[in-house]
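Below is one structure, written out as structure tokens, with a few remarks after it.
Excluded from the calculations below are hydrogen atoms, water molecules and symmetry mates; all remaining heavy atoms, backbone and side chain alike, are included. Naming convention: chains lettered A, B, ... in sequence-line order (proteins, then strands); numbering from 1 in each chain.
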Amino acid sequence: MTLTVTDLTIARGGIPVLQGVNLVLRPGAALVLRGSNGIGKTTLLRTLAGLQPPVCGTIRGADETIAYAGHFDGIKPTLTVSENLTFWASVFGANGIQPALDAFDLQQLAMRPAGSLSAGQKRRLALSRLLVTGRPIWVLDEPTVSLDVAAVSMFAAAVRAHLAGGGSALIATHIDLGLSAEVLDLGRFRAKTRPVADFDGDFL
Amino acid sequence: MIALLLRDLKLAFRAGGGFGLGLAFFLILTVLVPFSVGPQSSLLSSIAPGVLWLGALLACLLSLDRLLALDWEDGSLDLLATAPVPLESVVTIKALAHWLTTGLPLVLVAPLLGVLLNLPVAGFFWLVISLLLGTPALSVIGTFGAALTVGLKRGGLLLSLLVLPLYVPTLIFGAEVARRGAAGMETTTPLLMLAGITAAVIALLPFASAAVLRVNLR
């Protein structure tokens with residue numbers, strides 16, 4: 001499934017942050033988003049995931065194909081690791097959490113309540129959720145936060161396996177994952193602030 | 001969807017899930033009423049249906065702010081919104097889980113607490129019937145209120161203010177069924193009104209809840 005974004009303008013809190021965004025994400029490809037803080041990476045990813053409507057422009061190929069992982073892990077502390085994963089697996093209609101546990105080295109932790117995990121372990125659990133969704137396009141917002149070096153390479157391996165299986169990934173990150181990915185700098189799409197039409201200089 | 005229901009029930013019964021909060025409040029209220037209004041059994045038995053209904057309503061209200069707020073805070077709501085489950089059914093299941101963990105236990109203990117308030121014998125049946133018909137409406141309306149206030153920090157105050165007027169018709173007709181039943185009068189009219197309110201609310205409000213949730217997730 002190819003994700004095609006044409007001439008997209010997105011806004012946060014009613015103020016346009018990015019405009020004229022064009023990107024194409026083909027199966028097997030990864031695209032890394034770069035840009036300074038506040039440029040609109042999260043807003044762009046949330047728009048692509050369908051959590052907010054774009055101001056204008058079109059997004060094709062995003063219906064029921066995107067697995068989104070944002071800043072928050074979406075983990076219930078009183079459920080065990082395997083209960084958390086099993087829940088998402090059944091919501092997405094996939095079965096078998098074993099590959100996901102294996103990919104992020106969570107077998108030892110499977111019976112632990114998720115609330116007792118460390119921040120990095122929680123992050124691994126949140127990322128392993130991507131595998132049980134069975135969705136082809138991964139949209140990831142700063143996925144490596146609080147991961148150690150070993151876990152980052154675990155994550156990179158999971159992404160590589162996903163790409164090899166015909167999936168694709170759109171990742172907002174500042175660290176080098178060692179993927180052969182295109183890099184898209186969002187700086188050039190920064191929305192221009194329009195001059196206010198009825199600006200009253202005398203008011204100042 | 002079954003998975004979501006089971007997860008919510010599991011979360012409610014595990015430590016810190018808030019199951020029993022409403023029940024404890026209901027128990028405290030009805031135990032304290034005879035102390036505050038005095039022990040005259042004739043007075044107690046005449047106010048018993050109203051007090052039990054009010055207690056059940058406030059107990060329901062107490063647990064509403066956790067209904068969607070917890071899922072919002074940990075990001076589960078974002079993930080559910082991107083899952084292949086329509087938000088309408090997510091909010092319906094959430095309301096059902098809330099009713100099973102809050103409304104249904106209230107219905108079951110209400111007859112026991114009726115004894116404390118000297119509820120007339122004829123009233124027990126109608127109390128249970130009216131609560132059984134009315135509490136689902138409380139959960140569904142409450143889910144709507146929770147969806148309206150989901151992004152707000154400490155939205156509990158606003159939630160109560162928004163939901164209370166919507167609860168009034170259910171309270172009026174529910175308490176009326178229980179009162180008329182206890183007095184041995186005809187109950188058909190308020191019972192039909194109560195059933196009508198509950199049916200309408202279940203049919204319509206999940207769409208409204210899902211719509212406001214979509215706006216609040218932006």
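For B:D65 (side chain) and B:R154 (main-chain N/O), no donor-acceptor pair under 3.5 Å exists by modelled atom type.
Proximity to chain B is limited to the side chain of A:R135, based on heavy atoms less than 4.5 angstrom apart. Interface remark: B:L6 contributes no atoms to any contact with chain A (heavy atom separation under 4.5 Å). A:I75 touches chain B through its backbone: at least one of N, CA, C or O sits under 4.5 Å from a heavy atom, while the side chain does not.
For the side-chain contact (heavy atoms from CB on, under 4.5 Å) criterion with A:L170, the lone passing option out of A:L140, A:L45, A:L184 is A:L45.
The distance from the CG atom of A:L31 to the CG atom of A:L3 is 9.5 Å, given to the nearest 0.5 Å.
In terms of heavy-atom pairs under 4.5 angstrom with chain B, the leader among A:T43, A:T47, A:L51 is A:L51. The residue among B:S76, B:G75, B:A81 with the most heavy atom pairs within less than 4.5 Å of chain A is B:S76. Among the candidates B:V85, B:D78, B:V215, B:L217, the residue making the largest number of heavy-atom pairs closer than 4.5 Å to chain A is B:D78. The candidate from A:Y68, A:F92, A:F87 with the greatest count of non-hydrogen atom pairs under 4.5 Å with chain B is A:F87. The candidate with the highest count of non-hydrogen atom pairs below 4.5 Å against chain B, out of A:K76, A:E83, A:Q52, is A:K76. Contact tally against chain B (heavy-atom pairs below 4.5 Å) for A:P53, A:P77, A:G13: the top residue is A:P53.
Residues B:T101 and B:A12 approach most closely at CG2-CB, 3.6 Å, considering heavy atoms.
Applying the ring pair (Phe, Tyr, Trp, His ring centres under 6.0 Å) test to residues at least two apart or on different chains, the pairs with a partner in residues 121-146 of chain A are A:W138-A:H162.
Considering only heavy atoms from C-beta on, B:L138 stays 4.5 Å or farther from B:L171 through its side chain.
The pair A:K41-A:D141 does not count as a salt bridge, with every side-chain nitrogen at least 4.0 angstrom from each carboxylate oxygen. Salt-bridge annotation for B:R66 and B:E73: absent, with no side-chain N of the basic residue lying under 4.0 Å from a carboxylate O of the acidic one.
At a heavy-atom separation below 4.5 angstrom, chain B is approached by no residue within residues 103-128 of chain A.
One side chain, B:W99 or B:T135, offers a donor N or O that lies under 3.5 Å from an acceptor on the other. A donor atom on one side chain and an acceptor atom on the other are found under 3.5 Å apart for A:H71 and A:T42.
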